[in-house]
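Input: a single structure, listed below in structure tokens.
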Amino acid sequence: MADPLVVLDGVNKHFGDLHVLKDIDLTVGRGEVVVVIGPSGSGKSTLCRTINRLETFESGTITIDGEPLPSEGKALARLRADVGMVFQSFNLFAHKSILDNVTLGPMKVRGKKKAEANKRAMELLERVGVGHQAGKYPAQLSGGQQQRVAIARSLAMDPKIMLFDEPTSALDPEMINEVLDVMTQLAQTGMTMIVVTHEMGFARRAADRVVFMSDGEIVEQATPEEFFTNPTSDRAKDFLGKIL
Ligand code: ADP
Ligand code: MG
């Protein structure tokens with residue numbers, strides 16, 4: 001790959017006796033959008049959490065932009081800022097305004113001044129379509145709006161890569177597309193993204209590559225076109241048969 005940004009090489013992780021990541025080799029290029037799909041319990045969330053160092057791992061290496069994952073201290077805080085993560089649950093600070101939710105990280109971790117942080121936050125909130133809600137509190141927004149704020153909050157840190165772990169799974173159906181649209185636009189800006197999702201329409205539309213996981217392993221990876229029309233493994237065929 002011409003310009004790898006995230007490289008996992010032989011990564012193994014256990015929870016007790018459970019081998020959840022089995023010799024994972026995965027390279028994500030700068031600007032690439034990788035969609036990770038697979039059955040529940042296959043290790044998709046653990047993969048994201050391991051890349052963000054929310055989980056430890058026992059063997060193998062992970063590098064981000066050429067640097068090995070730090071395990072503690074300032075380097076770890078910097079890594080967390082470089083790797084944005086959006087979860088199923090929005091995790092906004094309930095007692096802070098939407099604007100404050102977005103400016104907090106840049107001021108604390110990136111050392112930005114308030115005026116500068118506010119300006120950037122407003123740009124991002126406009127971009128995800130909730131600029132007019134900046135003075136409100138999270139509970140006053142719909143789930144789809146809150147998730148778009150969560151995306152803006154991550155982007156405010158100027159991450160090198162964005163990880164999304166089933167960002168639309170907790171949303172009412174009518175709100176799913178407004179979040180996927182923001183993600184699709186983000187993909188078009190050249191952001192490097194790893195997206196765990198069951199939204200196959202998004203995968204077809206936005207992914208450069210689909211990675212299929214099952215039982216802790218990467219079983220197949222291919223372009224969406226190839227993967228959806230001609231999956232090679234029985235496990236992928238079985239999975240697609242159930243969801244499509
Ligand atoms: P997915 O996101 O693909 O549904 P997960 O990464 O959440 O899968 O989980 C992979 C496996 O690891 C599952 O069997 C799950 O029960 C187990 N697991 C996940 N987190 C923990 C944990 N903190 N402690 C013990 N087992 C866990
Ligand atoms: Mg999961």
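Predicted model only: the values in this text are computed from it and were never measured. We count ligands from 1, going down the list as the structure has it; atoms in each ligand are counted the same way.
- For atom 7 (O) of ligand 1, the closest heavy atom belonging to the protein is Ser45 CB, 3.7 Å.
- A side chain to side chain contact (heavy atoms under 4.5 Å, CB included) with Val35 is found for one member of Phe202, Phe164, Phe227 and no other, namely Phe202.
- Summarising the contacts of atom 10 (C) of ligand 1 with Gly16, Gly41, Cys48, Ser40, the nearest heavy atom is found in Gly41.
- Ligand 1 is never approached by Gly38 to a heavy-atom distance shorter than 4.0 Å.
- Protein heavy atom in closest approach to atom 12 (O) of ligand 1: Val20 CG1, 2.9 Å.
- The shortest side-chain heavy-atom distance between Met213 and Val219 does not fall under the 4.5 Å cut-off.
- Distances from ligand 1 to the non-hydrogen atoms of Pro39 include at least one value under 4.0 Å.
- Val34 places none of its side-chain heavy atoms less than 4.5 Å from the side chain of Val195.
- The protein heavy atom nearest to atom 23 (N) of ligand 1 is Phe15 CE2, 3.5 Å.
- Put simply, the side chain of Arg30 does not reach to within 4.5 Å of the side chain of Pro4, judged on heavy atoms.
- When only non-hydrogen protein atoms are considered, atom 8 (O) of ligand 1 lies nearest to Gly43 N, 3.1 Å.
- Enclosure of atom CD in Gln140 by more than 12 non-hydrogen atoms of other residues, nucleotides or ligands within 6.0 angstrom is indicated.
- Below the 2.8 Å limit, the Mg ion (ligand 2) has as protein N, O or S neighbours Ser45 OG.
- A salt bridge does not link Glu220 with Arg209: none of the charged nitrogens is closer than 4.0 Å to a carboxylate oxygen.
- Between Met85 and Phe87 there is a side-chain heavy-atom pair separated by less than 4.5 Å.
- The distance from ligand 1 to the heavy atoms of Ser42 drops below 4.0 Å at these ligand atoms: 1 (P), 3 (O), 8 (O).
- Thr46 OG1, 3.9 Å is the protein heavy atom nearest to atom 9 (O) of ligand 1.
- By the 6.0 Å and 45° rule, Lys242 does not stack over the aromatic ring of Phe239.
- Relative to the ring axis of Phe228, Arg204 places its NZ or CZ within 45° and under 6.0 Å from the centre.
- From Asp158, atom CG reaches atom NZ of Lys112 across 5.0 Å, with rounding to the nearest 0.5 Å.
- Cation-pi geometry between Arg49 and Phe57 is not met: the NZ or CZ atom fails to fall both under 6.0 Å from the ring centre and inside 45° of the normal.
- Comparing heavy-atom distances from atom 3 (O) of ligand 1 across Arg49, Lys44, His19, Glu55 singles out Lys44 as nearest.
- Nearest protein neighbour of atom 17 (C) of ligand 1, counting heavy atoms only, is Leu18 CD2, 3.7 Å.
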